[in-house]
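To start, the structure itself, in structure tokens.
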Amino acid sequence: MIPSVTLGGSIRAAFFTLAMVTPALAVELEEFSAPPKPTETTTDCAEGFIYDDATKACVTPEASIDDQAALYLDARELAWAGRLEDAIRVLARMEKTDKTLTYQGFVARKSGDWTSAESFYLAALDANPNNLLARSYYGQGLADAGFIKAAENQLSEIRQRGGRQTWPEIALRLHLDGADSGY
């Protein structure tokens with residue numbers, strides 16, 4: 001289950017407190033609480049390259065020897081930075097999981113390819129119906145495509161699956177309310 005974070009001035013404090021408890025939980029919470037922080041991948045490496053933690057150098061995604069977790073963080077950061085082609089290349093190197101399918105959907109949606117995005121989101125949800133981030137992104141895409149009721153259904157699913165007051169719920173709710181949630 002994904003940890004719940006309440007709105008208000010204490011989101012960072014809650015994150016810090018949980019981060020002190022367990023690093024794995026902190027990574028999961030960070031994924032659902034804010035855009036990724038820039039790293040060497042987007043600050044030092046030119047387009048077409050990612051920072052390889054293992055070799056401490058900028059390399060092509062195909063040459064990286066980083067593990068799946070590091071590649072996932074690179075793909076997420078690149079997608080958020082708008083380096084969509086680079087994100088696609090990193091995702092192509094990764095095992096197909098509901099998390100990678102979610103970001104393939106994110107990249108496709110941000111590229112304007114709703115048909116592919118929807119396919120990736122549905123595949124992610126087929127693999128893991130409790131993937132709240134996929135539900136949030138899918139709902140945002142549905143709303144953008146004019147399917148408001150279907151987007152509201154995703155919001156309801158997020159809540160029913162324990163996602164009340166998590167970032168996926170908040171981001172989709174803000175999107176439905178017409179606010180820019182950043183996602």
Side-chain angles (χ1 to χ4, degrees), residues 2 15 23-24 26-145 151 154 158 166-172 174-175 180-183:
I2 296 166
F15 174 74
V27 168
E28 287 298 313
L29 181 57
E30 181 178 353
E31 177 181 349
F32 294 104
S33 64
K37 290 184 169 63
T39 68
E40 292 91 343
T41 289
T42 55
T43 60
D44 296 348
C45 298
E47 284 193 32
F49 294 86
I50 62 172
Y51 188 78
D52 186 74
D53 293 323
T55 62
K56 306 291 185 216
C58 294
V59 300
T60 64
E62 297 78 15
S64 176
I65 58 174
D66 280 345
D67 64 17
Q68 294 289 299
L71 290 172
Y72 175 77
L73 294 175
D74 285 333
R76 183 172 181 267
E77 180 181 351
L78 290 164
W80 272 90
R83 288 175 50 186
L84 303 178
E85 290 300 320
D86 289 341
I88 289 169
R89 289 175 55 206
V90 173
L91 288 164
R93 295 227 27 246
M94 299 180 66
E95 297 170 18
K96 297 299 174 226
T97 67
D98 65 296
K99 289 173 70 169
T100 57
L101 289 165
T102 298
Y103 266 95
Q104 285 179 297
F106 181 91
V107 169
R109 182 169 58 96
K110 293 298 182 181
S111 298
D113 184 358
W114 172 242
T115 302
S116 294
E118 184 174 37
S119 294
F120 286 124
Y121 292 142
L122 290 174
L125 293 171
D126 187 48
N128 178 5
N130 292 317
N131 182 328
L132 303 184
L133 191 59
R135 289 194 179 282
S136 182
Y137 289 163
Y138 181 43
Q140 290 174 52
L142 288 166
D144 291 343
Q154 290 305 311
I158 290 169
T166 61
W167 186 246
E169 187 240 4
I170 294 164
L172 180 50
L174 288 171
H175 197 82
D180 181 11
S181 65
Y183 277 89

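Keep in mind that what you see is a predicted model, and the values were worked out from it rather than measured.
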Given side-chain contact (heavy atoms from CB on, under 4.5 Å), test Tyr103 with Leu91 step by step and report yes or no.
-> CA-CA 8 Å; Tyr103 266 95; Leu91 288 164; 4.2 Å; yes
For the residue pair Thr97 and Gln68, establish whether any side-chain heavy-atom pair is separated by less than 4.5 Å.
-> no
Taking all atoms of both residues into account, what is the closest heavy-atom pair of Pro168 and Leu132, and its distance?
-> CB-O, 3.4 Å
Begin from the C-alpha positions of Arg89 and Thr60 and carry the test side-chain contact (heavy atoms from CB on, under 4.5 Å) through to its verdict.
-> CA-CA 9 Å; Arg89 289 175 55 206; Thr60 64; 3.7 Å; yes
When Val90 is tested against each of Leu73, Val107, Ile50 for side-chain contact (heavy atoms from CB on, under 4.5 Å), which residue passes?
-> Ile50
Spacing of Leu101 atom CG and Met94 atom CE [to the nearest 0.5 Å] | 10.5 Å
Near Glu62 CD, under 6.0 Å, is it more than 12 heavy atoms from other residues, nucleotides or ligands?
-> yes
Please, which pairs that meet disulfide (SG to SG under 2.5 Å) have at least one residue in residues 42-109, sequence neighbours excluded?
-> Cys45-Cys58
Do the non-hydrogen side-chain atoms of Lys99 and Leu133 ever get within less than 4.5 Å of each other?
-> no
Looking only at heavy atoms, which two atoms of Ala134 and Ala124 are closest? And how far apart?
-> CB-CB, 4.1 Å
Taking side chain as C-beta onward, heavy atoms only, is Asp86 less than 4.5 Å from Glu47?
-> yes
Taking all non-hydrogen atoms of both residues, which atom of Ala145 and which atom of Trp114 are closest, and how far apart?
-> CB-NE1, 4.1 Å
Going through the distances and angles, do Phe106 and Trp80 end up as a side-chain contact (heavy atoms from CB on, under 4.5 Å)?
-> CA-CA 9 Å; Phe106 181 91; Trp80 272 90; 4.1 Å; yes
In Å, rounded to the nearest 0.5 Å, how long is the span from CZ of Arg135 to CG of Leu125?
-> 4.5 Å
From Asp44 CG over to Thr39 OG1, what is the distance, rounded to the nearest 0.5 angstrom?
-> 8.5 Å
Point-to-point distance, once rounded to the nearest 0.5 Å, from CZ of Arg83 to CD of Glu77 = 8.0 Å
Expected output: side-chain Arg93 to main-chain Ser64 donor-acceptor under 3.5 Å | yes
The single option from Asp53, Asp74, Asp52 that satisfies side-chain hydrogen bond (donor to acceptor under 3.5 Å, both in side chains) with Thr41 is Asp74
How far does CD of Glu118 sit from CG of Asp113, to the nearest 0.5 angstrom?
-> 11.0 Å
Any idea which heavy atoms bring Pro61 and Gly48 closest together, and the distance?
-> CD-O, 3.4 Å
Is a side-chain N or O of Gln154 found less than 3.5 angstrom from the main chain of Tyr138, in a donor-acceptor match?
-> no
What is the ring orientation for Tyr137 with Tyr121, classed by angle as parallel under 30°, tilted 30 to 60°, or perpendicular over 60°?
-> tilted
Rounded to the nearest 0.5 Å, what separation is found between the OG1 atom of Thr102 and the CZ atom of Arg76?
-> 11.5 Å
Examine the side chains of Thr100 and Gln104 and answer whether a donor and an acceptor come within less than 3.5 Å of each other.
-> no
Looking only at non-hydrogen atoms, find the nearest pair between Gly105 and Ala117 and report the distance.
-> O-CB, 3.4 Å
Where do Ala75 and Ala87 come nearest, in terms of heavy atoms and distance?
-> O-CB, 3.7 Å
